[in-house]
Every structure is written in C-alpha cells, then in structure tokens.
Engineer: 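Right, I'll just put the structure down here and ask away after.
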Amino acid sequence: MLWSARWKRRRKSAGNNCGTFISSRVHGPEDSQDTVFEDIKPLLTSLLDGCYNVCIMAYGQTGSGKTYTMMGSQLPGEHSCTQQETQQGIIPKATAELFRLISEEPAESHTVEVSVMEVYNNEVFDLLARDEQGNTISQRRDVITTSSGTSQVTSLTYEPVSSTSEVMQIISRVLKLRAHSPTLVHTDSSRSHLIVTLTISSKSPSALAVGETLQGAKRGMHPASSPCPSPFQSPCPSPRHSISQTPFRTKLQLVDLAGSECVGMSGVSGAALWEVSCINRSLSALSDVLGALAEQRPHVPYRNSKVTHLLQDAIGNTLKQPCLSPSCPPGGDAKLLVMLCVSPTQRFITESLQSLGFGTRARQVQKELPRRKNYTLKVK
C-alpha cells in the first residue's frame with residue numbers, strides 16, 4: 001500500500017517544525033499531470049491478470065486539488081478529444097492506459113463495464129440509474145456483504161464501454177448530479193465521495209496455459225490406451241475448458257473523496273452542517289479501517305461507513321476468487337494508492353498535518369512489497 005503527497009502550491013514559511021512524514025513520492029507544483037501518472041501506471045497491469053483489485057483515491061481538505069488530480073482541469077461536460085493530455089487527471093489517463101493494455105491482449109479476452117456512485121450523507125447513490133423516460137437520475141442503493149465476503153451494491157447500474165471517450169462521456173454526463181455547495185474555503189465544494197468503478201472481466205491466456213499444462217500432466221500419468229485403467233479410481237477428468245471460459249473479474253476503483261474541513265473555517269450552517277458531519281465521520285471511519293489493517297486486528301470495522309463498506313474489496317487485501325496466473329501472489333491481494341492533496345499554507349496547517357497523518361497510517365498497511373526509495377517530507 002503506497003501513498004504520495006502532492007502540493008497544490010509552493011509552501012510559505014510555517015514557523016516551527018511540526019513533524020516529519022515519510023512518503024513514497026512527493027509531487028510539487030511544478031510537476032505535470034503526466035509526471036504524477038507515471039507513478040500510477042505500474043498498478044494497472046495487475047488488473048488484466050485477474051490478480052488484484054486496484055483502488056486509487058485522492059484524500060485531502062476542501063480546495064486542496066483532489067478533483068483536479070483525479071479529473072483534470074476540464075469542467076463537467078467539457079471533456080473532448082482536443083483536450084491536452086497534460087491537463088487530464090488520473091481518471092482519464094488510467095482509463096486510456098487500461099484500454100491500451102487491453103488492445104495488446106488477444107481479441108475479446110477482456111470486457112469492461114463502468115459504474116459511477118456517490119456517497120452523500122452516508123447514503124450510496126447510483127448516478128447511472130434512469131427513470132421511466134430514460135433520463136439519468138441519482139438513485140439510492142444499498143450495500144450488502146455477499147456470502148463470499150465481498151461487498152456488493154444492489155441493483156447497481158453498469159454500462160459496457162470499449163474506449164476512453166465512452167467512459168469520459170458517461171462521467172461528464174453524470175457529474176452534474178453530484179452534490180456541490182459553496183463554502184468559505186471553496187466556492188464549488190464537492191459534498192460527496194465520487195467512486196468510478198471499471199470492472200474488467202478477463203479470460204486470461206495465462207489461465208488457459210495453466211489448464212493445458214495440468215491436462216497434459218494428467219494425461220501423462222496413464223497409458224494412452226487406457227486413460228482410466230480401474231473402475232475403482234476416480235473418473236477421468238473432463239477437459240478443463242472452464243479455466244479459459246470462466247472470466248476473472250477485477251475492479252479498478254477511482255475515488256475522489258469529499259474534503260475534510262473544519263466547520264469554523266468553512267463557515268457552513270443549517271443542513272450543510274450535517275453534510276460536514278457525514279463527510280468527516282466517513283473519513284474518520286476510513287482512517288480507522290486502515291489503522292485496524294495496519295495493526296492486524298482480528299476485526300476490521302468496514303461497516304462503520306458506507307465508503308469503507310464499498311471499498312472493502314480494494315483496501316482489505318482480499319480477492320475472493322482463485323487466480324491461475326503464474327505471476328499471482330498466493331491467495332490474491334488488493335492494491336491501494338492514496339494521493340494526498342495538501343494545501344501547505346499557514347492558514348491550513350492543521351488540516352495539512354491531519355492529511356499527512358492519514359497518509360502515514362495508510363502506509364503502515366504495506367505488506368511484503370518490494371523495497372523502494374523513500375522520500376522524507378518535513379513539515380516546518
């Protein structure tokens with residue numbers, strides 16, 4: 001489990017030393033969207049093997065640049081093929097890289113479906129649902145835990161997609177349904193967590209190769225003239241076409257979290273106070289889940305929040321299906337990358353330290369990953 005920190009603008013002097021934080025990478029204001037995405041690309045290759053679920057989320061206070069990091073500089077409905085790639089965020093770039101990887105695989109070996117949800121006031125809403133007239137609406141859904149232990153959203157709408165442009169057109173169409181509200185910190189603050197999920201169904205060639213190897217080994221155990229020499233032995237195994245035909249499903253979840261904020265600084269009142277309370281409690285629940293995983297507690301409180309319940313498969317290091325790829329780790333796994341968006345001015349030092357503390361907790365969940373160079377981030 002990794003995390004990266006990204007500064008929205010250059011830091012002003014903030015007085016005394018407030019702590020030291022360890023990060024996998026620190027991106028400054030001079031770094032382009034392409035530079036940021038280079039750290040993410042290696043995660044995407046894991047999806048096509050059926051080995052990993054991958055989750056990339058942006059965390060930080062209101063106005064720190066989370067939506068810019070995830071979506072880019074375009075406004076809802078303004079995405080087009082003419083947009084400069086350097087201005088695209090993680091969601092369009094990750095989608096383009098995913099379809100590029102799929103194009104290098106055998107035809108029809110992978111199919112992709114997209115779903116878009118928001119978690120608003122601790123309720124899950126399907127942003128791809130349609131009314132009787134076929135208009136896109138926001139429809140409340142329930143989150144359940146299946147008998148296999150995975151989380152599932154009931155009646156969630158999935159739309160098949162085959163290109164980056166299709167995905168972005170869908171996202172642009174539904175972004176207007178996302179809850180927004182002005183605050184003293186941000187004039188167009190997102191009041192919900194946005195979760196874009198790309199579900200990849202793969203008929204892995206590596207799985208087929210494993211199946212053929214197993215069949216060859218079993219055929220070699222008996223004479224060719226008598227594959228089943230004794231009626232008392234187990235019957236002959238049937239050809240294992242199911243290995244190549246049964247799809248492996250993995251998920252790429254791209255999450256733009258609502259911003260943490262201090263009520264006194266945001267200046268909200270009335271119904272907006274409940275929004276802030278739900279946002280802060282859900283982010284606290286996410287931190288509690290990461291803490292439980294880091295300390296390897298027997299119980300992880302995924303159900304304390306709809307956000308953590310939704311993301312259980314991506315942050316819980318579980319993949320509830322066998323993987324037949326030789327490159328898979330035993331038992332399956334999940335990968336989570338947290339992008340910390342930090343606004344490092346003196347005014348927001350408390351929120352910045354809180355975000356960096358969250359990143360430290362996320363980093364502690366790291367298990368048996370290859371060693372990589374660390375960068376020390378000192379906050380003064």
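Just the heavy atoms: all of them, side chains too, but no hydrogens, waters or symmetry mates, feed the values below.
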Engineer: Main chain of Ile102, side chain of His110: is a donor-acceptor contact present, judged purely on distance under 3.5 Å?
Structural biologist: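 No: the side chain of His110 does not pair with the backbone of Ile102.
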
Engineer: Could you give the distance from CD1 (Ile144) to CD (Gln152), rounded to the nearest 0.5 Å?
Structural biologist: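 It comes to 4.5 Å.
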
Engineer: Who passes side chain to side chain contact (heavy atoms under 4.5 Å, CB included) against Thr350, sequence neighbours left out?
Structural biologist: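 Partners of Thr350 by the side chain to side chain contact (heavy atoms under 4.5 Å, CB included) criterion come out as none, since no residue qualifies.
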
Engineer: Do Gln312 and Thr308 have side-chain atoms, one donor and one acceptor, less than 3.5 Å apart?
Structural biologist: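 Side chains of Gln312 and Thr308: no pair found under 3.5 Å.
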
Engineer: Does one side chain, of Asp256 or Thr67, offer a donor that lies under 3.5 Å from an acceptor on the other?
Structural biologist: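 On atom types as modelled, these side chains qualify, holding a pair under 3.5 Å.
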
Engineer: Any chance you could measure Asn122, atom CG, to Glu275, atom CD, to the nearest 0.5 Å?
Structural biologist: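 Asn122 atom CG to Glu275 atom CD measures 13.0 Å (nearest 0.5 Å).
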
Engineer: Run the side-chain hydrogen bond (donor to acceptor under 3.5 Å, both in side chains) test on Glu166 and Ser162 for me, step by step, so that the C-alpha distance in whole Å, both residues' side-chain angles and the decisive distance to 0.1 Å come before the verdict.
Structural biologist: CA-CA 7 Å; Glu166 288 184 10; Ser162 58; 3.2 Å; yes

Engineer: Taking the side chain as everything from C-beta on, heavy atoms only, tell me whether Glu159 gets closer than 4.5 Å to Ser115.
Structural biologist: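 Answer no - side chains too far apart.
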
Engineer: So do Arg281 and Ser305 actually touch side chain to side chain, heavy atoms under 4.5 Å?
Structural biologist: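 A side-chain contact is absent here, since even the closest heavy-atom pair is not under 4.5 Å.
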
Engineer: Between Leu252 and Thr250, is there a side-chain heavy-atom distance shorter than 4.5 Å?
Structural biologist: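 A side-chain contact is absent here, since even the closest heavy-atom pair is not under 4.5 Å.
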
Engineer: Do side-chain atoms of Asp31 reach the backbone of Val36 as a donor and acceptor pair under 3.5 angstrom?
Structural biologist: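 No, Asp31 side chain to Val36 backbone: no donor-acceptor pair under 3.5 Å.
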
Engineer: Testing Asn53, Thr197, Asp313, Thr199 for side chain to side chain donor-acceptor pair (under 3.5 Å) with Lys251, which one passes?
Structural biologist: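 Exactly one pass, corresponding to Asp313.
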
Engineer: Does a donor on one side chain and an acceptor on the other come within less than 3.5 Å for Asn304 and His309?
Structural biologist: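 Looking only at side-chain atoms, His309 and Asn304 do not form any donor-acceptor pair under 3.5 Å.
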
Engineer: Less than 4.5 Å apart, any side-chain heavy atom of Asp288 and any of Leu290?
Structural biologist: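 The answer is no, as the side chains (C-beta and beyond) never meet within the 4.5 Å cut-off.
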
Engineer: Quick one: does Lys335's side chain get under 4.5 Å of Ser46's, heavy atoms only?
Structural biologist: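 Touching, per the 4.5 Å side-chain cut-off.
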
Engineer: So, Ser192 versus Glu118: side-chain donor-acceptor pair below 3.5 Å or not?
Structural biologist: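 Side chains of Ser192 and Glu118: pair found under 3.5 Å.
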
Engineer: What orientation do Phe358 and Tyr59 show, parallel under 30°, tilted 30 to 60°, or perpendicular over 60°?
Structural biologist: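 Plane angle under 30°, so parallel.
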
Engineer: Walk me through whether Ser201 and Arg249 qualify under side-chain hydrogen bond (donor to acceptor under 3.5 Å, both in side chains).
Structural biologist: CA-CA 5 Å; Ser201 299; Arg249 295 171 65 87; 3.3 Å; yes

Engineer: Can you check whether Glu123's main-chain N or O pairs, donor with acceptor, with Asn121's side chain at less than 3.5 Å?
Structural biologist: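 Flag not set: sc Asn121 to bb Glu123 has no pair under 3.5 Å.
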
Engineer: How far apart are the closest heavy atoms of Pro106 and Ser109, and which atoms are they?
Structural biologist: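 Closest approach of Pro106 to Ser109: O-OG, 2.7 Å.
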
Engineer: Could you tell me whether the side chain of Leu254 reaches within less than 4.5 Å of the side chain of Met70, counting heavy atoms only?
Structural biologist: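 Yes, close enough: below the 4.5 Å cut-off.
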
Engineer: Would the distance check show the side chain of Arg361 and the main-chain N or O of Ser287 forming a donor-acceptor pair, the cut-off being under 3.5 Å?
Structural biologist: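 Such a contact is found between Arg361 side chain and Ser287 backbone.
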
Engineer: Within a radius of less than 6.0 Å around CZ of Arg130, do more than 12 heavy atoms belonging to other residues, nucleotides or ligands occur?
Structural biologist: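 Yes, because the 6.0 Å sphere around CZ of Arg130 holds more than 12 heavy atoms from other groups.
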
Engineer: Considering non-hydrogen atoms only, spot the tightest contact between Cys55 and Val255 and give its length.
Structural biologist: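 Taking every non-hydrogen atom into account, SG-CG2, 3.9 Å.
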
Engineer: For Thr69 and Gly65, indicate whether the former's side chain and the latter's backbone hold a donor-acceptor pair under 3.5 Å.
Structural biologist: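 Checked: pair present.
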
Engineer: Closest heavy-atom contact between Leu198 and Ile200?
Structural biologist: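 Distance-wise, the nearest heavy atoms are O-CD1, 3.4 Å.
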
Engineer: Mind listing the closest non-hydrogen atom pair of Leu127 and Leu177 along with its distance?
Structural biologist: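 For Leu127 and Leu177, the tightest heavy-atom pair comes out as O-CD1, 3.8 Å.
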
Engineer: Sequence neighbours excluded, which residues qualify as side chain to side chain contact (heavy atoms under 4.5 Å, CB included) partners of Gln354?
Structural biologist: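 Applying side chain to side chain contact (heavy atoms under 4.5 Å, CB included) to Gln354 gives Ser260.
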
Engineer: Report yes or no: do Ser352 and Ser355 form a side-chain donor-acceptor pair below 3.5 Å?
Structural biologist: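 No, Ser355 and Ser352 have no side-chain donor paired with an acceptor closer than 3.5 Å.
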
Engineer: Between Val196 and Met117, is any pair of side-chain heavy atoms under 4.5 Å apart?
Structural biologist: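 Side-chain contact under 4.5 Å: no.
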
Engineer: Please tell me whether Tyr158 and Leu311 are part of a single hydrophobic cluster in this structure, the criterion being side-chain heavy atoms less than 4.5 Å apart.
Structural biologist: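 In one cluster: yes.
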
Engineer: Test your reading of the model: is there a side-chain donor-acceptor pair from Thr95 to the backbone of Ile91, 3.5 Å cut-off?
Structural biologist: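 Yes: the side chain of Thr95 pairs with the backbone of Ile91.
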
Engineer: Quick one about Arg363 and Ser24 (side-chain donor to acceptor, distance below 3.5 Å, no hydrogens or angles considered), yes or no?
Structural biologist: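 The criterion, which ignores hydrogens and geometry beyond distance, is satisfied for Arg363 and Ser24.
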
Engineer: Side chains of Arg100 and Thr164: closer than 4.5 Å at any heavy-atom pair?
Structural biologist: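 The answer is no, as the side chains (C-beta and beyond) never meet within the 4.5 Å cut-off.
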
Engineer: Between Arg140 and Asp142, does any NZ, NE, NH1 or NH2 come within less than 4.0 Å of an OD or OE carboxylate oxygen?
Structural biologist: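 Counted as a salt bridge, because a side-chain N and a carboxylate O are separated by less than 4.0 Å.
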
Engineer: Looking at Lys93, is its backbone amide N or carbonyl O close enough to the side chain of Glu97 to form a donor-acceptor pair, meaning the two atoms are under 3.5 Å apart?
Structural biologist: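 No, Glu97 side chain to Lys93 backbone: no donor-acceptor pair under 3.5 Å.
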
Engineer: For Thr150 and Thr146, indicate whether the former's side chain and the latter's backbone hold a donor-acceptor pair under 3.5 Å.
Structural biologist: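 A pair under 3.5 Å: no.
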
